[in-house]
Protein chains: 2
Amino acid sequence: MDVARLAGVSPSTVSRILNGTAKVSDDKRQAVMDAIARMNFAPNPMAQSLKRGRSMTIGIVVQDISSPFFDETLHGVDEALKGTGYASVIVSGHWNAAEEIERIRLLLARKVDGIILLSGRITDESVLQFSQHRPIVSTGRAIQTQRALGFKLDNEHGGWLAVRHLIELGHRRIAFITGPANNCDADERLAGYKRALQEADIAYDPKIVVEGDFHESSGMRAINHLFDTQQQFTAVCAANDLSAYGARLSLYRKGIRVPEDISLVGFDDLPGSSYTTPPLTTIRQPLYDIGRIATNSLLHLINGEIVETSIPPLELIVRETTRRIR
Amino acid sequence: MDVARLAGVSPSTVSRILNGTAKVSDDKRQAVMDAIARMNFAPNPMAQSLKRGRSMTIGIVVQDISSPFFDETLHGVDEALKGTGYASVIVSGHWNAAEEIERIRLLLARKVDGIILLSGRITDESVLQFSQHRPIVSTGRAIQTQRALGFKLDNEHGGWLAVRHLIELGHRRIAFITGPANNCDADERLAGYKRALQEADIAYDPKIVVEGDFHESSGMRAINHLFDTQQQFTAVCAANDLSAYGARLSLYRKGIRVPEDISLVGFDDLPGSSYTTPPLTTIRQPLYDIGRIATNSLLHLINGEIVETSIPPLELIVRETTRRIR
DNA sequence: CTGTTAGCGCGTTCAT
DNA sequence: ATGAACGCGCTAACAG
């Protein structure tokens with residue numbers, strides 16, 4: 001190092017001071033600190049990484065950067081990373097298992113120290129496989145090994161909460177807009193819907209359960225379909241907020257008032273859901289906390305520590321799109 | 001390298017094959033390729049970076065991850081980076097110049113090959129300063145050097161477009177919700193507002209120009225303030241979509257219909273603006289394209305190439321929150 | 001306490 | 001066309 005020469009010591013001494021690896025006499029330390037300041041020296045992270053085998057970078061896999069769902073989670077990640085010295089590389093799987101695998105390989109090739117997988121489409125086995133290379137934390141899974149950790153929210157309970165709220169308001173014909181096929185979270189929410197109906201002795205009617213894909217447009221299509229096939233219903237439960245937004249718009253176009261004519265409830269509580277017209281009743285997912293906690297856990301896993309964490313539960317947020325049936 | 005031994009050649013030969021640096025006989029090449037495949041070898045990026053002085057990483061500075069505004073731009077960045085071998089590290093300045101500088105320093109310390117600065121709060125001089133270390137591309141600036149490039153949208157024109165649309169619909173009392181103080185983009189939009197009024201011989205009335213901060217809550221507060229001070233107006237122009245959302249909600253709460261009673265126009269055309277109730281008339285910013293083009297330009301700058309680019313203009317998107325005054 | 005030596009995994013001379 | 005040797009910047013092990 002140049003600093004070493006300038007301070008008249010050996011490179012190792014500089015290293016020792018920078019890392020606090022060993023005791024160094026005060027005069028030498030002072031000389032080195034001066035030299036460092038004078039040439040405002042900073043260690044080269046690549047050389048450090050090469051030597052230590054740690055890149056101080058973690059990889060985040062989202063499905064769609066520019067979806068409020070993921071971005072709120074990323075916000076939590078960002079917060080948890082602050083001051084740790086770790087940076088994050090974000091990649092997107094675009095809801096596609098093959099692409100997701102390729103992206104994870106990319107992250108691994110880049111030698112990230114760990115991976116956070118958000119709403120992955122790949123199998124648990126794949127995750128376990130990858131976790132042999134680097135620790136992985138994933139949402140929506142119930143795994144727990146030395147190097148892989150899954151967080152799972154009780155989506156079934158969430159779906160149940162939403163529908164029970166509607167039933168308590170007197171609704172009995174409750175339509176449901178599902179998530180994409182084979183999406184675990186979505187399936188569980190639907191299961192919660194079914195259980196709530198059953199507990200209230202309401203027959204399950206597949207004709208008012210319409211498939212969506214978590215996007216706004218599918219919410220619109222769902223409502224249109226319901227009307228085209230002339231279904232009767234007084235409330236709509238959507239598998240996520242985005243499709244609830246679409247449903248809302250379709251209803252508006254048809255001149256149907258929310259909540260006067262039809263009640264609507266979403267799932268997620270995206271930041272924008274407090275500002276829809278009217279503000280959306282929904283099931284709150286602690287997205288920000290999930291991001292924070294997942295990140296913390298990963299950092300622990302990286303250090304070989306065992307983590308045991310719990311995340312806040314899902315909760316019903318009653319706003320203005322639901323009302324008692326008259 | 002292990003591969004070299006397995007293939008019975010020297011490490012240099014492997015390197016030559018991987019980088020196409022020099023001619024290598026076909027038989028050796030074959031042997032090496034086999035060995036590589038067999039132990040699915042991949043070069044260590046850190047070692048490469050250390051040697052080449054290129055990290056194959058660029059830094060992105062946003063102000064708020066989890067704002068649809070930035071996320072749509074990031075989407076474009078992501079697209080442009082695809083297949084280039086570059087990855088991105090995203091940091092957030094939180095609309096705070098000091099934090100922004102600290103983050104940029106962090107990126108520089110990490111040896112990113114270039115930086116994209118989105119809606120930065122720091123001065124042009126700071127940018128130029130930083131650009132001495134690494135090439136920088138920034139939005140909202142009119143700079144152009146060998147190592148720094150600014151993109152600037154014609155916000156004044158955008159503001160003018162929005163207000164002229166309102167005026168053409170017969171509105172003459174048009175309230176304006178501004179952006180945060182000292183924000184260049186916001187100031188220009190206000191300037192466009194003033195020019196449109198002037199051209200239509202409408203007196204500028206500061207009492208119906210209310211300060212906001214680009215967030216939903218400030219849009220609500222602005223409308224509330226307007227009503228509290230009993231201003232007369234038939235239309236509202238917001239400096240961005242988010243504050244238009246807030247304005248919309250406040251109007252809804254007061255039982256005022258949009259667009260029947262009051263017309264509303266935003267600025268940005270966020271993805272969600274097609275799904276508000278009713279869908280928002282707004283000025284479209286080509287966020288995605290900005291992300292794409294900024295990234296491409298940066299990649300060129302990194303390679304020492306001169307870039308000359310133009311981005312799509314702002315355009316008025318007429319949806320359903322504006323209507324002719326009766 | 002401190003300097004010397006070696007090596008992390010590559011790419012690039014310089015010879016051959 | 002190919003191998004040997006060196007160095008990117010840093011830290012860990014080994015002496016002293």
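Residue numbers start from 1 in every chain, and the chains themselves are labelled A, B, ... in the order their sequence lines are given, proteins ahead of strands. This is a predicted model, so every value here is computed, not measured.
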Exercise. In B/S/- notation, 5' to 3', how is nucleotides 8-16 of chain D contacted by protein heavy atoms closer than 4.0 Å?
Worked result: BBBBBB---
Problem set entry | Phosphate contact (C:dT2 OP1 or OP2) by A:S25 side-chain N/O below 4.0 Å |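 Yes, such a contact exists.
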Exercise. Any side-chain N or O of B:K28 less than 4.0 Å from the OP1 or OP2 oxygen of D:dG3?
Worked result: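 Answer yes for this pair, as a side-chain N or O of B:K28 is under 4.0 Å from OP1 or OP2.
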For this session: Please assess B:S15 against B:S12 for the test side-chain hydrogen bond (donor to acceptor under 3.5 Å, both in side chains), listing each intermediate value before the final yes or no.
Result: CA-CA 5 Å; B:S15 176; B:S12 348; over 6 Å; no
In chain order, what residues pass the side-chain hydrogen bond (donor to acceptor under 3.5 Å, both in side chains) check against [X], with sequence neighbours excluded?
X     : value
A:S49 : none
B:E72 : none
B:T57 : A:R110

Exercise. Do you know which two heavy atoms are closest between A:A80 and A:R292, and how far apart they sit?
Worked result: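 For A:A80 and A:R292, the tightest heavy-atom pair comes out as CB-O, 3.6 Å.
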Problem set entry | Axis deviation across the helix from C:dC1-D:dG16 to C:dT16-D:dA1, five-pair ends, to the nearest 10° |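 End-to-end axis angle for the helix from C:dC1-D:dG16 to C:dT16-D:dA1: 50°, rounded to 10°.
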Please list every donor-acceptor pair under 3.5 Å in which a side-chain atom of residues 24-33 of chain B meets a protein atom from a residue at least two apart or in another chain.
residue	atom	partner	partner atom	Å
B:S25	OG	B:D27	OD1	2.6

Exercise. For A:K111 and C:dC8, what is the distance between atoms NZ and C1' respectively, to the nearest whole Å?
Worked result: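 In whole Å, C:dC8 C1' and A:K111 NZ are 12 Å from each other.
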Exercise. Once you round it to whole Å, what is the distance between P of C:dC10 and CD1 of B:I17?
Worked result: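 Atom-to-atom, B:I17 to C:dC10, this comes out as 14 Å.
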Problem set entry | Lys/Arg N to Asp/Glu carboxylate O, A:K82 vs A:E79, below 4.0 Å |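 Here A:K82 pairs with A:E79 in a salt bridge, since their nearest N and O are under 4.0 Å apart.
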For this session: Please examine the side chains of A:F70 and A:S92, heavy atoms only from C-beta on, and report whether any two atoms are closer than 4.5 Å.
Result: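 Contact flag for A:S92/A:F70 side chains = no.
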